[in-house]
Q: 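Take this structure first; my questions come after.
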Protein chains: 2
Amino acid sequence: MARRTRGAETDTPSAILDLAERLVQVRGFNGFSYGDVASELGVTTAALHYHFAGKAELGAALIARYAARFGDALAEIEAGGDDPPTKLEAYAGLYLDVLSDQRMCLCGMLAADYQTLPKQMRDAVVSFFDENEVWLARVLEQGKADGTLHFTGSATEAAQMIVGGLEGAMLVARPYGDTERFQTAAHRLLASVAHP
Amino acid sequence: MARRTRGAETDTPSAILDLAERLVQVRGFNGFSYGDVASELGVTTAALHYHFAGKAELGAALIARYAARFGDALAEIEAGGDDPPTKLEAYAGLYLDVLSDQRMCLCGMLAADYQTLPKQMRDAVVSFFDENEVWLARVLEQGKADGTLHFTGSATEAAQMIVGGLEGAMLVARPYGDTERFQTAAHRLLASVAHP
DNA sequence: GTCTATAACGAGATAGAC
DNA sequence: GTCTATCTCGTTATAGAC
């Protein structure tokens with residue numbers, strides 16, 4: 001047969017990215033190796049080097065795919081046409097989905113590893129946060145305009161607090177293995193921009 | 001001469017802990033080696049193994065010392081006798097001090113590395129967060145009682161949000177190299193338990 | 001208490017066969 | 001596109017001299 005049309009993880013590069021993504025989200029960028037990915041995939045590390053020249057390139061590809069997927073999810077929320085408070089809930093839901101899979105946000109994890117990352121990865125991590133904050137700030141402005149949200153200071157500042165707050169809630173919830181803990185914190189964070 | 005009475009970092013074990021602590025806070029537990037500490041200290045790795053049997057023991061000692069120091073700082077804030085809102089500001093100030101030194105909170109960093117840590121370290125990380133939350137919850141209760149703080153839900157839930165929020169604000173602020181960003185987020189977090 | 005020496009292993013990477 | 005084989009280096013750890 002030729003090759004699957006849309007089966008997502010049938011090709012090797014995607015399978016590598018899937019495995020490496022999970023490993024980074026669970027163990028950190030310095031906590032996994034080419035060998036880990038190769039053995040889980042049932043190939044040798046040489047095969048990995050064929051698809052991704054080195055760990056830096058693999059890491060950069062991971063962030064690019066993750067950011068694209070996250071961007072798609074944001075666009076989908078936007079297209080939903082719900083009111084701003086509901087959009088914020090949906091946004092927090094994206095984080096909850098990741099945490100429910102026992103993972104940390106990829107870029108939150110890489111933020112911890114930041115000082116050890118190759119340049120290309122560093123810039124991509126910062127861009128991820130920038131994009132999230134721009135999207136959130138827009139939703140917050142919408143809410144302020146239509147009266148469904150109420151907060152002091154700039155929308156950007158509020159957006160930065162929400163991104164940091166959600167990342168931190170994930171970070172701390174994981175050692176406790178407690179998604180409830182995340183949800184409670186997330187609701188409190190969102191409530192802080194919802195009440196007059 | 002005999003040996004310094006209180007010069008803090010004159011003895012080798014303390015010097016090892018100081019260097020290792022900074023390395024973990026900057027690079028993560030899987031981002032530094034005995035070799036890094038040894039070369040910075042000007043000794044061999046064999047000398048390190050004399051003082052700390054292995055990386056797991058060194059890591060456990062790091063958390064124990066860090067938690068003790070943090071506990072002392074909390075007791076000092078408590079002893080200050082300020083009102084609850086001022087105590088919360090002082091608490092956030094502890095995080096700012098760490099971040100201003102270009103470091104992540106030791107236990108926040110280890111929370112990211114959690115899945116790769118030896119058991120003894122895992123338990124100590126969770127205990128650190130527990131102690132912080134108990135202390136914060138007490139301050140929040142005080143504030144609620146004397147009318148200087150106002151929040152919905154339990155004090156423990158609010159405390160968990162604050163700890164997670166501050167850790168996340170640090171986590172994200174570091175890639176930006178922006179302490180202002182942390183401070184703005186921290187003030188917003190504290191404001192969410194301060195206004196009626 | 002620190003050193004030299006060395007063991008034992010794992011990690012990232014490459015060359016060249018198939 | 002994947003393999004075998006190999007290289008080089010870093011990391012943790014130990015034995016024994018000083």
Side-chain angles (χ1 to χ4, degrees), chain A residues 1-4 7-24 26-63 109-110 113 115-122, chain B residues 1-4 7-24 26-62 109-110 113 115-121:
Chain A
M1 70 185 143
R3 105 130 114 71
R4 291 218 194 259
E9 278 65 79
T10 53
D11 56 307
T12 304
S14 295
I16 293 170
L17 289 172
D18 289 342
L19 288 168
E21 183 179 75
R22 182 173 51 75
L23 285 167
V24 173
V26 171
R27 305 176 52 89
F29 194 69
N30 298 313
F32 88 105
S33 71
Y34 259 47
D36 295 331
V37 178
S39 72
E40 282 199 51
L41 189 57
V43 298
T44 64
T45 59
L48 266 62
H49 280 285
Y50 172 79
H51 296 284
F52 301 95
K55 217 181 169 186
E57 288 77 14
L58 173 56
L62 283 177
I63 305 173
M109 183 62 88
L110 294 177
D113 297 327
Q115 294 298 326
T116 69
L117 299 182
K119 180 88 171 74
Q120 50 191 352
M121 289 184 65
R122 291 192 190 194
Chain B
M1 69 186 145
R3 109 130 114 68
R4 292 217 192 257
E9 278 67 79
T10 52
D11 56 308
T12 303
S14 295
I16 292 170
L17 289 172
D18 288 342
L19 287 169
E21 183 178 75
R22 182 174 52 75
L23 284 167
V24 173
V26 171
R27 304 177 53 90
F29 194 69
N30 297 314
F32 89 104
S33 70
Y34 260 46
D36 295 330
V37 178
S39 72
E40 283 199 49
L41 189 58
V43 298
T44 66
T45 59
L48 266 63
H49 279 285
Y50 172 79
H51 295 285
F52 300 95
K55 218 181 165 185
E57 288 76 15
L58 173 56
L62 283 177
M109 182 62 88
L110 295 176
D113 297 327
Q115 294 298 328
T116 69
L117 299 182
K119 179 91 170 73
Q120 50 192 348
M121 288 184 67

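Here is how names work: the chains are called A, B, and so on, in the same order as the sequence lines, proteins then strands, and each is numbered from 1. As the structure is a computational prediction, the values presented were derived from the model and not from experiment.
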Q: Would you indicate which nucleotide in dA13(C), dT2(C), dT12(D) comes nearest to any side-chain atom of H49(B)?
A: dT12(D)
Q: Side chain of H51(A), heavy atoms from C-beta onward: which of dT12(D), dG1(C), dG1(D) has the nearest atom to it?
A: dG1(D)
Q: Between CE of M109(B) and CG of L23(B), what distance do you get to the nearest 0.5 Å?
A: 10.5 Å
Q: May I have the distance from F52(A) (atom CZ) to dA13(C) (atom C1'), rounded to whole angstrom?
A: 16 Å
Q: Between D113(A) and T116(A), is any side-chain donor less than 3.5 angstrom from a side-chain acceptor?
A: no
Q: Rounding to an integer number of Å, can you tell me how far N30(B) CG sits from dG10(D) P?
A: 18 Å
Q: Going by heavy atoms in the side chains, are F32(B) and K55(B) under 4.5 Å from each other?
A: yes
Q: Mind listing the closest non-hydrogen atom pair of R122(A) and Q115(A) along with its distance?
A: NH2-O, 3.1 Å
Q: Would you say Y34(B) reaches dT12(D)'s phosphate, i.e. side-chain N/O to OP1/OP2 under 4.0 Å?
A: no
Q: Between the protein and nucleotides 3-5 of chain C, list every N/O to N/O distance that falls short of 3.5 Å.
A:
residue : atom : partner : partner atom : Å
dC3(C)  : OP2  : T44(B)  : N            : 2.8
dC3(C)  : OP2  : T44(B)  : OG1          : 3.1

Q: Can you tell me the distance, in whole Å, between the CG atom of D11(A) and the P atom of dT2(D)?
A: 10 Å
Q: Between Y50(A) and dG1(D), is there a side-chain N or O to OP1/OP2 distance below 4.0 Å?
A: yes
Q: Between P on dA13(C) and CG on L48(A), what's the gap in Å once rounded to a whole number?
A: 11 Å
Q: Rounded to whole Å, please give me the gap between NZ in K55(A) and P in dT14(C).
A: 15 Å
Q: Please collect all ring-ring contact (aromatic ring centres under 6.0 Å, His included) contacts where either partner lies in residues 33-62 of chain A, sequence neighbours excluded, each pair once.
A: Y34(A)-H49(A)
Q: Can you name the nearest heavy-atom pair linking T44(B) to A38(B), along with the distance?
A: C-CB, 3.7 Å
